[in-house]
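Working notes, structure below.
In the text below, chain A, chain B and the rest are named by the order of the sequence lines, each starting its count at 1.
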Amino acid sequence: MADLMGVLKGLAGSFGACLCFGLLFHVPKRCLLASALTGLTGYAVYMIGVALLESPVGASFIGALAAALLSEILARRQKAPAIIFSMIGIVPLVPGAGLYSTMLALVLKEYDRAVSTGVETLLISACIALAIALVTLVTRALGHRVRPE
Amino acid sequence: MATEVQKVIETARLSAGMILANGGETYRAEETAGRIGQAFDCEMDIIALPTGLTMTVARGGESASSIARVGSRTVDLTRLEAVNAVSRALTAHTMTLDEALSSLKNIAAIKTPDGWRSVLASGGSAGMFAVMFGGGWFEFLVAGLVSAVIQALLLVLPDQGGAPLGCLLGGFLAAALGLTAATLCGRGNVSLIVVSIIMPQLPGLAFTNGIRDSMHGDMVSGVARVTDAVMRAAVLAGGAGIAIWCYLRMGGAATWLI
């Protein structure tokens, strides 16, 4: 545990941010807490991934994978569309910081850095989307057995 | 008196249209309409796009078709979930078409969080993002306040039918107000504040839905949504970039931004 305070802040912050996001996007009341927990889980896995893999791209992928899997489970338990949970679940993973540093590098005319952070940001977004899409496709392929929402 | 086929198509059109207008995926809209048709032994063809849908329903010599334009698109997951519940009840035949039609009209009338609630939620989420990124009290307060101000301004702005003017303004104000606050107080992590304010405005849902549509074979919707998301993100970053460029031009220190 290199930085316990940072981890705690990350967990509390992601939960709170997802809760507010849920209010903004009008998540049904009975799903609000569960969707915020999905966001917290995704971010927790992301933080573990960053510590272990030292790659934000890989960490985002497994974070989104965890959030998407949990969403499918919650969707069946709560009998609600999985998108309610998955869309709140990926909110903390969206690479806003990468977008900012790409933009900053462009403004400062550091084009090398702009390209490298830009590509990384794109990769992260693609990985998040891919993870969600993969889980959706697999559960829908198995759908007849596990009965989708 | 409307025939059953006419009621089926009206129900399917309302459900699919509402799914598309409230942040649902294209395949969900098509599937929901298809399932409603199937439940009443109708043959059904539907093409759903992010901006509209067209469908025909046929049963024993009688047929009807319908086109609907999906005007303003928002994200309202309560409506999405309610439409889902109605279609499920219809397919299970625990609800009649008339009941479904009237409850769909009630769903359309559900109020999305507006005014103060959305301002508070937006401010709260930006503040909590600042905490998530490791910021302290100062970052939490500045990010939350600025995000709330931006959301309030966007509410006053007239609806532009999906045009990204709001994104440009949002990105610009995020960087401009964040920088101003940090400069006036002489403290704070500027990049953390700006990123926290930008986070709630990023089109994460549009992007993931776009990829999901493409992987599902809905190429038109997929390309449209991904383009929409990338454009919004670029415009948002561009808005912030303009503010930061102005700041540098006025003699601000670049080292303070990274």
Atom pair OG1 (A:T136) and CG (B:N209), whose distance is rounded to the nearest 0.5 Å: 9.0 Å
A:K9 (side chain) donor-acceptor with B:F133 (main chain) under 3.5 angstrom: no
Top of A:G96, A:S14, A:A133, A:A17 for chain B proximity - count of heavy-atom pairs under 4.5 angstrom: A:A17
N/O donor-acceptor pair under 3.5 Å between B:T78 side chain and A:H26 backbone: yes
B:I211/A:I132 under side-chain contact (heavy atoms from CB on, under 4.5 Å): CA gap, chis, key distance, verdict: CA-CA 9 Å; B:I211 302 277; A:I132 301 265; over 6 Å; no
Beyond-backbone contact of A:I90 with B:L205, side-chain heavy atoms, under 4.5 angstrom: no
Side chain / backbone / both / neither for B:V194 at chain A, heavy atoms under 4.5 Å: side chain
Student check: side-chain heavy atoms of A:Y100 and B:I244 closer than 4.5 Å: yes
Options B:G134, B:G23, B:G204, ranked by heavy-atom pairs under 4.5 Å with chain A, top entry: B:G134
Nearest-0.5 Å distance that lies between atom OG1 in B:T208 and atom CG in A:L130: 11.5 Å
Toward chain B, the part of A:F15 with a non-hydrogen atom under 4.5 Å: neither
For chain B, the option from A:A12, A:A64, A:G13 that forms the most heavy-atom pairs under 4.5 Å: A:G13
Pairs of heavy atoms under 4.5 Å with chain B: top-ranked of A:I84, A:T102, A:L93: A:I84
Euclidean distance, A:L137 CG relative to B:H216 NE2, rounded to 0.5 Å: 7.0 Å
Top contributor to chain B interface from A:I128, A:L134, A:V94 [non-hydrogen pairs under 4.5 Å]: A:V94
Contact origin within A:A97 toward chain B - heavy atom pairs under 4.5 Å: both
Residue selection (most heavy-atom pairs with chain A, distance under 4.5 Å) from B:A82, B:S196, B:P200: B:P200
Inter-residue atom distance B:S191.OG - A:L104.CG, 0.5 Å rounding: 8.0 Å
Nearest-0.5 Å distance that lies between atom CG in B:L80 and atom CZ in A:F25: 12.5 Å
Shortest non-hydrogen contact between A:C20 and B:G124, atoms and distance: SG-C, 3.5 Å
B:E81 with A:K79: basic N within carboxylate O range, under 4.0 Å: no
Atom of A:P92, atom of B:M199 and distance for their closest heavy-atom approach: O-CE, 4.0 Å
Atom pair CZ/SG of B:F129 and A:C18 - distance to nearest 0.5 Å: 6.5 Å
Chi angles and distances behind the side-chain contact (heavy atoms from CB on, under 4.5 Å) call for A:I83, B:R212: CA-CA 11 Å; A:I83 187 177; B:R212 195 148 37 168; 4.0 Å; yes
